[in-house]
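The structure appears below as structure tokens.
For the numbers below, each heavy atom of this structure counts, side chains included, while hydrogens, waters and symmetry mates do not.
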Amino acid sequence: MVSGLSFLFANPLMLAALVALPAIWWLLRLTPPKPVTEVFPPLRILASVLKREETPSKSPWWLTLLRMLMAAAVILAIADPVFNPRTNTLSAEGPLVLLIDNSWATASDWERRVETADALIGDAEARDLPVSIAFTTDREHNAVPASAATARNRLAAAAPQPLRADRKTAVEAITTALDATRIGTLAFLSDGIATGDDTAMTDLASLAPQNLRLIAGDGEQALAMTDSANESDAMAVTASRLNKAVARTVPITAYDTRGRAIANGTIAFAAGEGTAKGTIAAPFELRNDFARIGMDGAASAGGTFLLDDGFRRRRVALLSGEARDLSQPLLSPLYYINRALAPYAELIQPEEADLALAIPALLEQKPSVLIMADIGRLPEQSYAPISQWIENGGTLIRFAGPRLAAAPSDDPLVPVTLRQGERALGGALSWSEPQALADYPALSPFAGMARPQDILVKRQVLAEPTADLAERTWASLADGTPLVTTRTTGAGRIVLFHVSAEATWSNLPISGDFVEMLRRSVQLARGGGVASDGNAQAQTLAPYRLLNADGVLVSETGKARPLEVATGTAPVSTAEHPPGLYGSEDGFTALNLLPRNAELAPIDTTGLATAYTSEPLIGTEAVSLKPALFTLAMILLLIDSLVVLFMAGVFARMRLPRTATASLLALAAAALILNPGPVMAQDLKPGDDTILERLDRTHLAYVVTGEAEVDRLSERGLSGLTDFLTYRTTLEPGLPVGLDIASDELAFYPLIYWPVSANAPMPSPQAVSRIDAYMRAGGTVLFDTRDQFSSLGGSGGNSPNGDRLQAILANLDIPPLEPVPTDNVLTKSFYLLSNFPGRYNGSPLWIEAQPENSEDQSGRPARSGDGVSPIMITGNDFAGAWAVDASGVALLPTVPPDETQREHAFRAGVNIMMYMLTGNYKADQVHIPALLERLGQ
């Protein structure tokens, strides 16, 4: 129920002066006595010149009325009329009980609440009633009824706290203290906000007071921030309010650790909505400096949102061992990583394919995390800076794949020792069925996540058993083999997922658990080089800085107890753990007032067993008209003075200044729109004509070794293949190009032929790194040892050229290799071939190994890059078989001499080029019937 309005005068006796108004009217209407006129002769001349001024005998009626109103306003102002004044309506049948909210929402109007409570205590003192008082945020309550003086002392000592109201405990304390004593008046000075399953009004009504009052403010200042997220382009903030009546825009400000305002934004509430979201747009680096966010004009613990390192958006650098294939994004190793981390992190990718250049460029951008997907070997010069970056606090996350499986086991950038090769279904180290995941260990950051039931692993890289392998395992398979391992290095760490980042080895990357696992792994990379230890056990953090009721961080921790933080459990602010920062200067956790995405709601007053009255705080219900009446009297006095001056002719005798007769002209300046005309041509830089020529036509390229005869045969061999392609296919390549791999641009050529020679200078690490980047970007290098030795699979030892090839490959990140399978697209891209001879016919052609599938070899999974192998190796001397002179005569005989073998060598070259230009297009099942028909099957 709501109390009605009342009206009275504070000084009613002053209204007797209104009786004098008729007398005032009569006095104002009196005419003063006529003056005696004496004739002064010299003035007769002036009298004939000057205009006679006449004084009226009576003032105008409207002027008299104006003065009467002024007098009445003064009399009424002195009488002090008041709307809805306070009256002592306390019940005398029992003590006065005050239940007072001193929560965070009372900070803005606490003085008015104290005035209201003090006035009630004064009313109780006037009627000689004891007073019981309890505050809803106190840890200990003393609600035993006492004298009014004692209640005033307790009221003066109270202050708003940065906590939510705990009314249930306070009501229980009142019930215990009264011990069945009949209550006269029970006044609940509320902040108006319900807390959880708050039943305060029901509990108070159950005490059966003679008079139950609910006294609250207007709720305008009840604003609180409940969530924050560092998104890709801005800091998003969620807020809630109690008063939803009208639309409202609240400005917010972000502060750094020193309390300096560094960015601003707004939260816009629509009419009728209690929850709204706002943003603070700022660059990524500036957003990571945010320490807290405050609402302007709503200084309270609820209007302040604290941020710790967990809210910082990590910068994550991404590297892949395979070429990015825009036409088949689902096969890209980085596709699922991108999708998983984009909402939570700032992702950066290299602009250079050359890892020797890309890695330093990425590290210069100071990423928190570096993710490498299926990278086996890095350029030699890259290991030192990455290791130093990890020591300084960086987190390296690696994913397995064919390249990592073929990498050396002594890689310093893996957390555990790996067995070479991978474990697969149907392989030597295999299981009969795909393996599911086991429960996550307690020390894992994934602890608290439910074990997924639908994730199966078909391939993985295996870790060598060690004494500390279990301690380094974050996730494992059902058979106990590790799935995710880690190792701490300095202030940073290395994490390895033993499966690939795309869905060929496991369906983990296409599951929701993959997103959460990646997010938790990235969150371990603390800002400033401070890495979390990943301990899932409860961690005790001492109070470091706490919020006061005004939303200011203070160093006084009072009786706050240490906070226990466990993985998967969100701490909640209480009287023992008030909102603030817990930890130390080196690292802390933010505990905010309200739980994430909480909503402010009014106290439920429905279904009460006892009637109640709803009242506002002092300062809003009693409205005095004295200031307004005095203001009206002053305005009337000013009007009266101006009228008198006007009637006396004061304004008529004033010389008015002349006004300007000419008006100002507004001139609009029209700017000329100049059109110098487009530039139709630009000067080409030196070498641009060569680049344009390379882009205009496809060219075969070979590596210049420095040996004249080898380079001559390479040039003549590719010229012969070019002529054959032009004659037999629709492809018409340009002249072959010799390349200096240390300086020339390699991206123009789909295939680079490299005649390996033991007598040629060893390529520099920079040159090898450029070749590695070329293969990573989608190009293919055809290594030819030209000695007929099977340098990768033979048992008779290596030739000098084979040894040189091994030295070159040791610095390249290459996938596992295999001889061309009989069903590979290379055997049918143009001609149907069963082998790939050159000048010799004893060496197989090695290409990237395809994933095995023992159940169905024809159903091998597709690979990115259209399935094109980035590397081919042979010893059959292709260029020697292709080499012809200007007349088309072969320069070298085949071994043994056989022109059919030379024809097949040319056909092998055609298939290789078609394979390079069309990828696995010819492997499409739609071509199988036509191919079988040609074979007569």
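Residues Phe188 and Ile603 form a side-chain contact, since some pair of their non-hydrogen atoms from C-beta on lies under 4.5 Å apart. Inter-residue side-chain proximity for Leu524 and Pro445 is flagged as met; some heavy-atom pair is nearer than 4.5 Å. Proximity of Arg213 to Tyr612: side-chain heavy atoms (C-beta onward) are nowhere separated by under 4.5 Å. Within the 4.5 Å cutoff, no side-chain heavy atoms of Leu318 are placed close to those of Ile348. The side-chain heavy atoms of Thr266 and Ile252, taken from C-beta on, include no pair separated by under 4.5 Å. At least one side-chain heavy atom of Asn288 sits less than 4.5 Å from a side-chain heavy atom of Asn230. For the pair Val131 and Thr150, the minimum side-chain heavy-atom distance is 4.5 Å or more. Contact check for Trp474 versus Val495: side-chain heavy atoms found under the 4.5 Å cut-off.
In the model, Asp191 has no side-chain atom that pairs as donor or acceptor with a side-chain atom of Thr106 under 3.5 Å. If you check the side chains of Thr199 and Asp203, you find a donor sitting under 3.5 Å from an acceptor. A donor atom on one side chain and an acceptor atom on the other are found under 3.5 Å apart for Asp166 and Thr169. Judged by distance alone, the side chains of Asn102 and Thr137 do bring a donor and an acceptor atom under 3.5 Å apart. Counting only N and O atoms by type, the side chains of Asn211 and Ser91 include no donor and acceptor under 3.5 Å apart.
Under the rule for a side-chain contact (heavy atoms from CB on, under 4.5 Å), the partners of Ala239 that lie at least two apart in sequence or sit in another chain are Met225, Ile267, Phe269, Met295.
What you find for Met449 and Met517 is that their closest heavy atoms are CE-CG, 3.9 Å. Heavy atoms only, all atoms of each residue included: Pro543 and Ala560 are closest at CG-O, 3.7 Å. Residues Ala194 and Pro602 share a closest heavy-atom pair of CB-O, 3.6 Å. Thr253 and Ala261 make their closest contact through CG2-CB, 3.5 Å (heavy atoms, listed as atom of the first residue, atom of the second, distance). Scanning both residues, Pro95 and Leu178, for their nearest heavy atoms gives CG-CD2, 4.5 Å. The two residues His141 and Ala173 have their closest heavy-atom pair at CB-CB, 3.5 Å.
Distance check, rounded to the nearest 0.5 Å: CD1 of Ile397 to CZ of Arg493 gives 9.5 Å. Once rounded to the nearest 0.5 Å, the distance linking OG of Ser132 with CD1 of Ile183 reads 8.0 Å.
When each of Thr557, Leu591, Asp308 is paired with Tyr582, the side chain to side chain contact (heavy atoms under 4.5 Å, CB included) condition holds for Leu591 and for no other.
Arg313 and Glu231 are not joined by a salt bridge, as no carboxylate oxygen comes within less than 4.0 angstrom of a charged side-chain nitrogen. Ionic pairing of Asp101 and Arg167 is present here: one or more N-O contacts between side-chain nitrogen and carboxylate oxygen are shorter than 4.0 angstrom. A salt bridge between Glu115 and Arg112 is absent, with no side-chain N of the basic residue lying under 4.0 Å from a carboxylate O of the acidic one. Between Glu172 and Lys168 there is no salt bridge, since no side-chain N of the basic residue sits under 4.0 Å from a carboxylate O of the acidic one.
Distance alone, capped at 3.5 Å, places no donor-acceptor pair between the Arg519 side chain and the Pro343 backbone. With hydrogens and angles disregarded, no donor-acceptor distance shorter than 3.5 Å links the side chain of Arg258 to the backbone of Arg260. A donor-acceptor pair under 3.5 Å is formed between the side chain of Arg287 and the backbone N or O of Ala282.
In this structure, Glu599 places its CD atom where only 12 or fewer heavy-atom neighbours from other residues, nucleotides or ligands lie under 6.0 Å away. Applying the 6.0 Å contact sphere to CD of Glu140 captures no more than 12 heavy atoms from other residues, nucleotides or ligands.
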Determine, stepwise, if the pair Ser228 / Leu307 fulfils side chain to side chain contact (heavy atoms under 4.5 Å, CB included).
CA-CA 8 Å; Ser228 177; Leu307 304 174; 4.0 Å; yes

